[in-house]
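Numbering starts at 1 and runs along the sequence shown.
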Amino acid sequence: MAQADPKKTERTWKSKCASCHGQTGKGDTDKGQQLKIVDMTTAEFQAKKDDELKKAILNGVEKEKSHVFKDELTPEQADALVGYVRTFKKK
């Protein structure tokens, strides 16, 4: 499997995800707080399996079905975003 370009993945995050999830995945934007977006840096969130995260990226989650990217992202882009989200893990 080809390695995703980190710069492209970061651009995808910024264009598709950061307006709600924030630059660092904390959900600390106005829109994120309005939607009660979970903090992706927590151990609880990071314990989720990669396939759960990919499914949420492509299909949305129950409370925010308006955020469905199935027709906007390739499976490879979703995989790259899962890897990007993993970088938010608290050290």
Rounded at 0.5 Å granularity, tell me how far SG in Cys20 sits from CG in Leu35. 5.5 Å

Can you give me the closest heavy-atom contact between Asp28 and Gly22, atom names plus distance? OD1-CA, 3.9 Å

What's the spacing between Asp79 CG and Leu73 CG if we round to 0.5 Å? 11.0 Å

Hey, could you give me the NE2/CH2 distance between His21 and Trp13, rounded to the nearest 0.5 Å? 5.5 Å

Smallest separation among heavy atoms of Gly27 and Ile37, with atom names: CA-CG2, 4.0 Å

Just checking Lys54: does its NZ atom have more than 12 heavy atoms from other residues, nucleotides or ligands closer to it than 6.0 angstrom? yes

Are the side chains of Phe88 and Lys26 in touch, meaning some heavy atoms are under 4.5 Å apart? no

What's the spacing between Met40 CE and Phe45 CZ if we round to 0.5 Å? 4.0 Å

Residues in salt bridge (charged side-chain N to carboxylate O under 4.0 Å, His left out) with Lys14, at least two apart? Glu10

Thr29/Ser19 under side-chain contact (heavy atoms from CB on, under 4.5 Å): CA gap, chis, key distance, verdict: CA-CA 7 Å; Thr29 64; Ser19 63; over 6 Å; no

Distance, nearest 0.5 Å, that separates CD1 of Ile57 from NZ of Lys16: 12.5 Å

For residues 38-52, which residue pairs pass the salt bridge (charged side-chain N to carboxylate O under 4.0 Å, His left out) check, not counting sequence neighbours? Asp50-Arg86

Pairing residues for Thr74 by the side chain to side chain contact (heavy atoms under 4.5 Å, CB included) criterion, not counting sequence neighbours: Glu76, Gln77

Nearest-0.5 Å distance that lies between atom NZ in Lys89 and atom OG1 in Thr41: 11.5 Å

Only counting residues at least two apart or in another chain, list the ones meeting salt bridge (charged side-chain N to carboxylate O under 4.0 Å, His left out) with Arg11. none

